[in-house]
Every structure is written in structure tokens, then in C-alpha cells.
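Each remark here refers to the structure printed beneath this line.
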Amino acid sequence: KRLVVLVSGSGTNLQALLDAIAENGAEAYGAEVVAVGADRAGVEGLARAERAGIPTFVTRVKDFGTREEWDRALADAVAAHAPDLVVSAGFMKIVGKEFLARFGGRTVNTHPALLPSFPGAHGVRDALAYGARVTGCTVHFVDDGVDTGPIIAQGVVEVRDEDDESALHERIKDVERRLLVEVVGRIARNGYRIEGRKVVIQ
Ligand code: GRF
């Protein structure tokens, strides 16, 4: 299976996928990353792809007159690599109707909280501020909401009294990277069905 991965920052989730594919071999893992895209230039996630010899692209919102034009351009850039699956791993933009028309139902996102709790761009900070005793991460299919699509898998992380946002996020990312690698490999190898809110992996 062909994966296009979308990043906005450090790309450690992308790196976990690249490492799993390198260790297992694309055949055994069931997928290969054919391109990495970002909404901004110069992020570490793009450098990780370049180091792995993987094509990259940047589609910046500010280069387009409207959000819809950006959304279409992003969809075109992704489509150019003919992915079977798109993985949003720390991609900090909400994709729109055009993108979902073409890649809905086969775009996976990872979020650093136990959805439906704490959706949005500050899930770790919000869980901490709320005083949650456990939080975690969620791998889900992207739908037309914000972090609202059908859930594939979740991982739980204890919140510690001494935690600040970055310490907690780092512990969440340890679980998240393992969860994402496991889920992407399974759905790539076995196929899946989405039945309403349920995801069934064959
Ligand atoms: C991940 O925790 C992701 O869930 C969140 O931002 C983080 C991205 O980390 N949206 P990285 O860029 O994969 O290191």
C-alpha cells in the first residue's frame, strides 16, 4: 500500500512509520511512504523524509487566495502520488470538502487525547488544565469535523502530578507512535470497513 504522510512539525510519528518500514521491509509491513507533505516549509518532518530519500511537497495556506483553493491544491499534491492511504501525523490544518471528496474514508489522523475528549489543536494542554487523571491518544479516520471521525484505536496515558504540557505530550507520543505504526500496518495489510462509527479491520 502507498502512504502519503502529512506533517506540520517534528515528524516523530512519521519517523516511527519510516523506522517500522525499514525494519520490517515494505512488503512485510504492508505499506511504504511514497511522499511526505507539509503546510509549511523547513519543518523537521520534511527533513526526515529527505534523509530517507522520499519526495516531499509544501502546500501553504498563504500561497492561495482562499481556503478552498488551498484545500484543492493540497488534494492535488497528495493525488499526484496516488496514495492508498493518507496519514495525518501532526498535520495542524483542517482539510476541507474537496480533500475529503477525494481522500475521505482513507485518511487517518492521530490525536494526542482520548477523543471525544479534548479535540482540537491543544488536546494535551486541555486535558492537563481540566485535571484529567488519564488521557492518551486516538487514531481515527478523518471526517468533515475536527477530530470527530470514526475511532480505530486508542492508547491510555496516566497524568502525573508533576506533569507539564511537554512532559505529558512526550509520554503520550511514546504511546502514539507505537499505536500509529500498529494501526497503519494492520489496515494496510488486512483492509478495513467503516460501518457508521465502527471501524472493522479484517
Ligand atoms: C502528535 O502528538 C500529534 O498527535 C499532534 O502533534 C504531535 C505531532 O508530533 N497533533 P510529531 O510531529 O509527529 O513529532
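For ligands, and for the atoms within them, numbers begin at 1 and follow the listed sequence.
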Would you check, one step at a time, whether the test side chain to side chain donor-acceptor pair (under 3.5 Å) holds for S10 with E44? CA-CA 5 Å; S10 54; E44 181 59 16; over 6 Å; no
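- For atom 14 (O) of ligand 1, the choice among P112, G9, S10, A89 with the nearest heavy atom turns out to be S10.
- Assignment of T110 to the shell around ligand 1 is supported, since a heavy atom sits closer than 4.0 Å.
- Judged by the shortest distance from any of its heavy atoms, R177 lies outside the 4.0 Å radius around the atoms of ligand 1.
- Dense packing is recorded around CZ of R48, with more than 12 heavy atoms of other residues, nucleotides or ligands lying under 6.0 Å away.
- Summary of contacts: the protein heavy atom closest to atom 3 (C) of ligand 1 is E176 OE2, 3.5 Å.
- Counting non-hydrogen atoms of other residues, nucleotides and ligands closer than 6.0 Å to CD of Q202 gives a total above 12.
- A salt bridge does not link D163 to R160: none of the charged side-chain nitrogens sits closer than 4.0 Å to a carboxylate oxygen.
- When each atom of ligand 1 is checked for a heavy atom of M92 under 4.0 Å away, the hits are 10 (N).
- The nearest protein atom to atom 8 (C) of ligand 1, hydrogens excluded, is given as G90 CA, 3.6 Å; this is a heavy-atom distance.
- For atom 7 (C) of ligand 1, the closest non-hydrogen atom on the protein side is H169 NE2, 3.8 Å.
- Here's the thing with G11: one of its N/O atoms is less than 3.5 angstrom from an N/O atom of ligand 1.
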Using the side chain to side chain donor-acceptor pair (under 3.5 Å) rule, take E69 and T66 through it: C-alpha gap first, then chi angles, then the decisive distance, then the call. CA-CA 5 Å; E69 284 167 76; T66 68; 3.0 Å; yes
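- For the pair R2 (side chain) and A82 (backbone), a donor-acceptor distance under 3.5 Å is present.
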